[in-house]
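What you see is a predicted model; the values in this text were computed from it and never measured.
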Amino acid sequence: PRQLRENGLRPSELSFTDGALRQIIRDYTREAGVRNLEREIGRVCRKVVTRIAEGDKEPVRVTMRSVPKFLKKPRYFPETALRTQLAGVATGLGVTIGGGDLMFFEATKMAGQKGFTVTGQLGEVMEESAKAALSYVRSKSKELDIPEDIFEQIDIHLHVPAGAVPKDGPSAGVTMATALASLLADRRVRGNVGMTGEITLRGQILPVGGIK
């Protein structure tokens with residue numbers, strides 16, 4: 001409503017479907033608040049005002065299909081489904097300066113002898129979480145249909161992109177355990193699931209601070 005007022009539009013001249021608003025949020029903004037969302041709605045309003053000034057008085061209803069006509073190509077692309085197509089990748093939730101973001105935990109294996117490497121500029125607490133996650137997965141190998149002798153034959157590498165961004169804290173434990181279980185059991189993780197929480201050696205997921 002504020003953008004309609006600021007651009008001199010009547011409510012009857014422009015409306016948005018719920019799907020259109022969701023698409024603007026998902027494909028054109030990435031923020032903890034709604035400031036950029038309002039800016040994008042304002043861009044649509046100004047284009048509608050231009051239409052009216054050119055003599056087109058027809059009311060405009062913005063739908064999912066018409067959003068790109070007003071805002072051009074999407075700025076952000078949902079990559080979760082693509083990244084989790086391979087076994088060994090799990091999606092975690094992380095706290096950032098902007099509020100929060102998705103983090104992808106990638107595990108791979110190669111011929112070796114029980115080696116375990118963790119990369120991605122991780123802090124000491126996060127590295128300890130990775131070791132606890134691996135120990136838990138090894139202890140549950142029978143339930144997870146993981147061949148028990150596989151650990152004698154492989155090295156495991158766990159990486160958390162982006163490598164240039166420092167990361168720390170215990171709350172990635174459940175995601176690390178899921179990525180490792182996915183790799184060793186050769187089962188993909190569902191692409192529409194994100195997770196956070198410290199995991200204990202018994203497999204209990206502990207509460208996350210700051211979430212009410």
If you group Ile, Leu, Val, Met, Phe, Trp and Tyr by side-chain heavy-atom gaps below 4.5 Å, do [X] and [Y] land in one group?
{"X": "L102", "Y": "I25", "result": "no"}
{"X": "L206", "Y": "V174", "result": "no"}
{"X": "L14", "Y": "M64", "result": "no"}

Taking only residues two or more places apart in sequence, or in another chain, which ones meet N36 in a side chain to side chain contact (heavy atoms under 4.5 Å, CB included)? T29, E31, R39
Go through the structure and list residues passing side chain to side chain contact (heavy atoms under 4.5 Å, CB included) with P59, not counting sequence neighbours. none
Not counting sequence neighbours, list each pair that qualifies as a salt bridge (charged side-chain N to carboxylate O under 4.0 Å, His left out) and has a residue in residues 60-69. none
Show me the pairs that pass salt bridge (charged side-chain N to carboxylate O under 4.0 Å, His left out) and involve residues 192-202, at least two apart or across chains. none
Contacts under 3.5 angstrom, residues 129-139 side chains, donor-acceptor by atom type, not counting sequence neighbours:
| from | atom 1 | to | atom 2 | distance (Å) |
| --- | --- | --- | --- | --- |
| S129 | OG | V125 | O | 3.3 |
| S135 | OG | K131 | O | 3.1 |
| S139 | OG | Y136 | O | 2.6 |

Can you name the residues that form a salt bridge (charged side-chain N to carboxylate O under 4.0 Å, His left out) with E58, not counting sequence neighbours?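 With sequence neighbours excluded, E58 shows a salt bridge (charged side-chain N to carboxylate O under 4.0 Å, His left out) to no residue whatsoever.
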If you take all heavy atoms of [X] and [Y], which pair is closest and at what distance?
{"X": "F105", "Y": "M176", "result": "CD2-CG, 3.7 Å"}
{"X": "M103", "Y": "V160", "result": "CE-CG1, 3.8 Å"}
{"X": "F16", "Y": "I24", "result": "CE2-CD1, 4.1 Å"}
{"X": "F151", "Y": "S141", "result": "CE1-CB, 4.3 Å"}
{"X": "L183", "Y": "A107", "result": "CD1-O, 3.5 Å"}
{"X": "G42", "Y": "Q3", "result": "CA-OE1, 3.2 Å"}

Please check this pair: side chain of T108 against backbone of H157, looking for a donor-acceptor N/O pair closer than 3.5 Å. no
Under a 3.5 Å distance rule, please check whether D155 uses its side chain to pair with a backbone N or O of F116 as donor and acceptor. no
Pairing residues for [X] by the side chain to side chain donor-acceptor pair (under 3.5 Å) criterion, not counting sequence neighbours:
{"X": "E40", "value": "R43, R75"}
{"X": "R2", "value": "E38"}
{"X": "R10", "value": "E13"}
{"X": "T63", "value": "S66"}

Supply the atom-to-atom distance [X] [atom1] to [Y] [atom2], rounded to the nearest 0.5 angstrom.
{"X": "T178", "Y": "I199", "atom1": "OG1", "atom2": "CD1", "value": "7.0 Å"}
{"X": "I156", "Y": "I150", "atom1": "CD1", "atom2": "CD1", "value": "7.5 Å"}
{"X": "S15", "Y": "L9", "atom1": "OG", "atom2": "CG", "value": "11.5 Å"}
{"X": "E127", "Y": "L158", "atom1": "CD", "atom2": "CG", "value": "10.5 Å"}
{"X": "E6", "Y": "I41", "atom1": "CD", "atom2": "CD1", "value": "12.0 Å"}
{"X": "L184", "Y": "I154", "atom1": "CG", "atom2": "CD1", "value": "5.0 Å"}

Is any side-chain heavy atom of V62 less than 4.5 Å from a side-chain heavy atom of V67? yes
Side-chain contact test, heavy atoms from C-beta onward, threshold under 4.5 Å: evaluate it for V89 versus V189 and give yes or no. no
Does a sphere of radius 6.0 Å around CD in Q113 hold more than 12 heavy atoms from other residues, nucleotides or ligands, not counting ones at 6.0 Å or beyond?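 No.
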Which pairs would a plain distance check flag for residues 47-55, meaning a side-chain donor or acceptor within less than 3.5 Å of a matching protein atom at least two apart in sequence or in another chain?
| from | atom 1 | to | atom 2 | distance (Å) |
| --- | --- | --- | --- | --- |
| K47 | NZ | F70 | O | 2.6 |
| T50 | OG1 | R46 | O | 2.9 |

Scan residues 180-189 for pairs that pass side-chain hydrogen bond (donor to acceptor under 3.5 Å, both in side chains), counting only residues two or more places apart or in two chains.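 Those involving residues 180-189 are Q85-R188.
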